[in-house]
Structure formats: structure tokens, C-alpha cells
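Encoded as C-alpha cells, the structure appears first; notes follow it.
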Amino acid sequence: MNFFNIKTSWSNAEFIPIKLCIASAYILIGSYFHNFFKDYYTPLLVIFGITVIWFFFAWLKKMKASKQ
């Protein structure tokens, strides 16, 4: 299984979606313990969903380019 042995290089701009994804997930998890973020569930879920999809497709594109 060579999945974990594949090496790719990422620029800082390509890390923006995963950073947004992680940050929104962190805020969502933290919001269960604090009522401050209670009104922001929907925008945070939208941001999380968009960034997960964005990062996934960027990762797939990068993996396809590295195999050719």
C-alpha cells in the first residue's frame, strides 16, 4: 500500500482550504461547550463543507499530476 509513501509539495496558497477546514471544525467542536457560537452553526457548517470539498479536489488534482 503506497498511499502513505506518496510525496507531494504544497504551496502556502494551497494550504488555505485545509487551514479553513480545520479552523471551522475546531470552532464547531468548541461551540458545543460555549453558547457564544450558537448563532453561527449554519455559516460554520457551510464554510466547513466548502473547504472540505475544495481541499479534497485540490488533493486529487495534485495526486493525479504527480502520477503523470
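This one's a predicted model, so the numbers in the text were calculated from it and none came from an experiment.
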Item to complete: Check ring-ring contact (aromatic ring centres under 6.0 Å, His included) between Phe48 and all other residues, then give those that pass, not counting sequence neighbours.
Response: none
Worksheet, complete the sentence: What one should report as the nearest heavy-atom pair of Ser24 and Leu44 is CB-O, 4.1 Å
Fill in: Minimum heavy-atom distance Val52-Cys21, with the two atoms named
CG2-SG, 3.2 Å
Item to complete: Could you pull out all residues at least two apart from Tyr41 that satisfy side chain to side chain contact (heavy atoms under 4.5 Å, CB included)?
Response: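 So Tyr41 forms a side chain to side chain contact (heavy atoms under 4.5 Å, CB included) with Leu28, Ser31, Tyr32, Lys38.
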Worksheet item: With the 4.5 Å side-chain cut-off for hydrophobic clustering, are Phe56 and Ile18 part of the same group?
Response: yes
Worksheet entry | Same cluster (ILVMFWY, side-chain, under 4.5 Å), Phe55 and Met63 | yes
Worksheet item: Nearest 0.5 Å, what's the CH2-CD1 distance between Trp54 and Ile16?
Response: 6.5 Å
Worksheet item: Hey, what else clusters with Val46 if you join Ile, Leu, Val, Met, Phe, Trp, Tyr whenever side-chain heavy atoms sit under 4.5 Å?
Response: Ile50
